[in-house]
Amino acid sequence: MTVLVNPTALSNHKARDFRMLIDGKWEAGAADPIERVAPSHGVVVSRFPTGSKADAERAIAAARKAFDLGPWPRMTASERSAILLKAADLIAARAEELAFLDAIEAGKPVTQVRGEIAGSVDIWRYAAALARDLHGESYNALGDGTLGVVLREAIGVVSIITPWNFPFLIVGQKLPFALAAGCTAVVKPSELTSGSTLVLGEILQQAGIPDGVVNIVTGRGPEVGAVMTAHPDVDMVSFTGSTGVGKLTMSNAAQTLKKVSLELGGKNPQIVFPDADLEAFIDAAVFGAYFNAGECCNAGSRLILHKSIASDVVKRIAELSKAVKVGDPLDPSTQVGAIITPQHLEKISGYVAGARSNGAKVAHGGERLDLGMGQFMSPTIIEAVTPDMAVAREEVFGPVLSVLTFETTAEAIQIANSIDYGLSAGVWSRDFDTCLTIGRSVRAGTVWMNTFMDGASELPFGGYKQSGLGRELGRHAVEDYTETKTLNMHIGKRTNWWMPRT
C-alpha cells in the first residue's frame with residue numbers, strides 16, 4: 001500500500017457558499033448553514049442551506065404547479081430531448097468543477113470522479129434519446145366496434161433523494177429519465193455532498209428548464225426527506241441509500257400509496273472456480289473491494305473461493321493490495337480516498353474488530369491510517385470468514401474484503417444466496433456452463449461473468465430482496481416515471497343490451 005499525503009492541498013481553499021433552488025429562485029434558507037468538512041483534509045469546503053419542512057413544501061408546491069399548469073409536460077418529446085442534450089453538453093463543459101466538488105466533499109479520488117462525470121454525460125444523452133422513443137400502444141383487433149389505445153403519461157411530481165457516495169452520478173441515474181418522461185421533480189442530495197447537485201441546478205436553468213420543473217432542497221432527512229416521501233402532492237419517490245432508510249421511505253410513501261423506486265444496499269459475492277483466469281480475477285477483486293473506498297453498494301466485498309485455490313488467491317490479492325495508493329483525493333494517482341465521516345470510519349473498524357473476535361484472520365490491513373489529515377482506512381482482507389459472521393452478511397461500506405470458501409457449485413450458490421441482499425454478483429470460470437449456471441441461480445439484479453462492476457447506460461441496474469425495488473437505466477428507464485391510461489373507444493352504433501326497451 002502506497003500512502004500519498006498532501007496536507008496543504010486545500011489550505012488556501014475558500015469555502016463555497018451554496019443556495020438551494022425553489023421555483024427558479026436561489027435561496028439561502030432561514031437557519032444556519034450546514035458546513036461540510038472535507039473528509040480528506042479536515043477543513044470546511046462547502047456550506048449548504050439547512051432546508052426546513054416549509055422549504056420542502058414550497059418546492060413540492062412549485063413542482064406541482066409546474067406539472068399541472070406549466071409547459072414542460074406539454075412540450076413535444078423532441079423539445080424536451082433538445083434541452084436534455086444541452087444539459088449534457090453543459091455538464092461536460094463544467095466537468096472539472098463538478099469533479100473537484102465531489103472529490104473534496106465525499107473524499108473520492110478525483111480521477112475516479114472524472115470518470116463518473118463522463119458517465120453521467122452519457123446517461124443524460126441516453127435519456128434524451130429515450131424521450132423521443134416513449135410511446136403508447138394501440139389495439140385494433142378487439143372487434144369491429146372497439147378500438148383500444150393505451151397512453152403512456154408522465155407520472156407527475158417525483159421526489160428524488162440521493163446518497164453521499166456518488167453525489168453526481170446517482171442523481172444522473174434518476175433525474176434525466178424523469179424529465180424525459182415529462183415529470184417535474186424535487187431533489188434532495190445528501191447534506192454531506194450537495195455541491196455538485198446544486199451546480200446541476202445552475203446547468204439546468206442555463207439549458208432552458210422552466211422554473212419549478214427542477215427544485216433542489218438541501219438539508220437533513222427528518223426535516224426535508226420525510227416531507228418529500230409522505231406529501232400527498234408527490235406522485236413518486238426515487239430513493240438511493242441504505243436499506244434501513246429505504247424501509248422508512250417506503251413506509252412514509254405508503255401513507256398516500258405513491259409509487260416507490262428503491263436502490264439500496266448490497267453484499268455482493270464473487271464466486272471463483274479453479275479454472276478461472278486468476279490474474280484477471282485478482283485485479284478485479286482488488287478493484288471491486290476498494291473502488292470508492294468500498295463505500296459502494298455494488299462493491300465486491302464478499303469473495304467465495306474454491307478451497308483448492310483459496311490460500312494462493314488470498315496471498316496474491318494481499319500482494320496486489322500493497323500497491324494500492326491511498327491518500328489525498330486531489331492527487332490524480334490516488335486510488336482510495338478518505339472515509340466519509342469519523343463516525344463511519346468507527347463503524348468500519350468495528351466490523352473488523354468483530355470479525356477478529358469471532359475467529360476470522362486479517363490477512364492484510366485492518367487498521368486506520370493516520371495521514372495527518374482527515375480519516376482513512378487501509379485496504380483490508382479478512383479470511384477464515386464463515387457465512388454466519390456479521391462481516392459476511394452485513395454491508396460494511398468500507399474497503400474490507402471478506403473471504404469465504406466452497407467445494408461444490410451448489411454450496412457456492414447457497415452461500416451467495418444466504419443473505420438478505422441481492423444487488424449484484426460475479427462468477428469467474430473459463431467454462432461457460434459454469435458461468436451460466438451461477439448466473440441463472442444467484443438471486444441478484446446483475447451477474448458479471450469474468451469481469452466485475454462494468455456498466456453501461458443501456459443496462460438496467462437494481463436488486464433483488466432487500467437490495468431494492470425497480471430498476472434504473474436501460475431502455476425502459478423513462479417508462480418507470482410514467483403511468484398508463486387506457487382509452488376504450490366505441491365505433492359506430494352501440495347496442496343497448498343492459499336496460500330493456502319497450
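Numbers here simply count residues along the sequence, with the first being 1.
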Sidechain-backbone polar pair: [X] side chain, [Y] backbone, donor-acceptor under 3.5 Å:
X: T243; Y: Q466; result: yes
X: H344; Y: E346; result: no
X: S242; Y: V245; result: yes
X: S81; Y: S78; result: no
X: D133; Y: L130; result: no
X: E395; Y: G266; result: yes
X: E263; Y: T240; result: no
X: D55; Y: V224; result: no
X: N268; Y: G300; result: no
X: T256; Y: P232; result: no

If you compare all heavy atoms of [X] against all heavy atoms of [Y], which two are closest, and at what distance to 0.1 Å?
X: N165; Y: C296; value: ND2-CA, 3.9 Å
X: A425; Y: V442; value: CB-CG1, 3.8 Å
X: L204; Y: A87; value: CD2-CB, 3.8 Å
X: E223; Y: G51; value: CB-O, 3.9 Å
X: P49; Y: M20; value: CG-N, 3.6 Å
X: G337; Y: P329; value: CA-CG, 4.4 Å

Taking side chain as C-beta onward, heavy atoms only, is [X] less than 4.5 Å from [Y]?
X: I123; Y: L473; value: yes
X: L345; Y: M377; value: yes
X: L459; Y: D454; value: no
X: V213; Y: D211; value: no
X: T146; Y: I491; value: no
X: V186; Y: V234; value: no
X: P332; Y: T111; value: yes
X: M453; Y: F291; value: yes

Cation over ring, K174 on Y481, under 6.0 Å and within 45°? no
Atom pair [atom1]/[atom2] of [X] and [Y] - distance to nearest 0.5 Å:
X: I83; Y: W124; atom1: CD1; atom2: CH2; result: 11.0 Å
X: L469; Y: L264; atom1: CG; atom2: CG; result: 7.0 Å
X: L423; Y: N298; atom1: CG; atom2: CG; result: 4.5 Å
X: L21; Y: I209; atom1: CG; atom2: CD1; result: 10.5 Å
X: M489; Y: L147; atom1: CE; atom2: CG; result: 4.0 Å
X: D233; Y: S159; atom1: CG; atom2: OG; result: 10.5 Å

Are K108 and E295 close enough, and set up right, to give a salt bridge (Lys or Arg N to Asp or Glu O under 4.0 Å), and what steps lead you there? CA-CA 10 Å; K108 300 162 66 74; E295 296 170 329; over 6 Å; no
Is the closest basic N to carboxylate O distance between [X] and [Y] below 4.0 Å?
X: D89; Y: K86; result: no
X: R36; Y: E191; result: no
X: E27; Y: R58; result: yes
X: E483; Y: R152; result: no

Side-chain donor-acceptor pair under 3.5 Å between [X] and [Y], yes or no?
X: N252; Y: T249; answer: no
X: E105; Y: S46; answer: yes
X: T486; Y: N488; answer: no
X: S457; Y: D122; answer: yes
X: S349; Y: R368; answer: yes
X: Q112; Y: E116; answer: yes
X: S467; Y: K267; answer: no
X: E79; Y: W72; answer: no
X: Q335; Y: Y290; answer: no

Can you classify the ring geometry of F177 versus Y126 as parallel (below 30°), tilted (30 to 60°) or perpendicular (above 60°)? perpendicular
Worked check of side chain to side chain donor-acceptor pair (under 3.5 Å) between T334 and D328: CA-CA 7 Å; T334 292; D328 184 357; over 6 Å; no
In terms of heavy-atom contacts, does [atom1] of [X] have more than 12 from other residues, nucleotides or ligands at under 6.0 Å?
X: D144; atom1: CG; answer: no
X: R475; atom1: CZ; answer: no
X: K465; atom1: NZ; answer: yes
X: K53; atom1: NZ; answer: no
X: R443; atom1: CZ; answer: no
X: M250; atom1: CE; answer: no

Run the ring pair (Phe, Tyr, Trp, His ring centres under 6.0 Å) check on F100 and H13 step by step: do they pass? CA-CA 12 Å; F100 176 77; H13 175 74; 5.5 Å; yes
Pair Q205-W26, side-chain contact (heavy atoms from CB on, under 4.5 Å): steps then yes or no: CA-CA 11 Å; Q205 284 188 321; W26 293 94; 2.9 Å; yes
side-chain contact (heavy atoms from CB on, under 4.5 Å) between L85 and R125, intermediate numbers included: CA-CA 6 Å; L85 287 171; R125 288 175 177 155; 4.0 Å; yes
D235 and its salt bridge (Lys or Arg N to Asp or Glu O under 4.0 Å) partner, picked from K258, R64, K259: R64
Tell me whether the centres of the aromatic rings in W164 and F397 are closer together than 6.0 Å. yes
Walk me through it: do F287 and W448 pass the test ring pair (Phe, Tyr, Trp, His ring centres under 6.0 Å)? CA-CA 14 Å; F287 169 71; W448 286 285; 9.7 Å; no
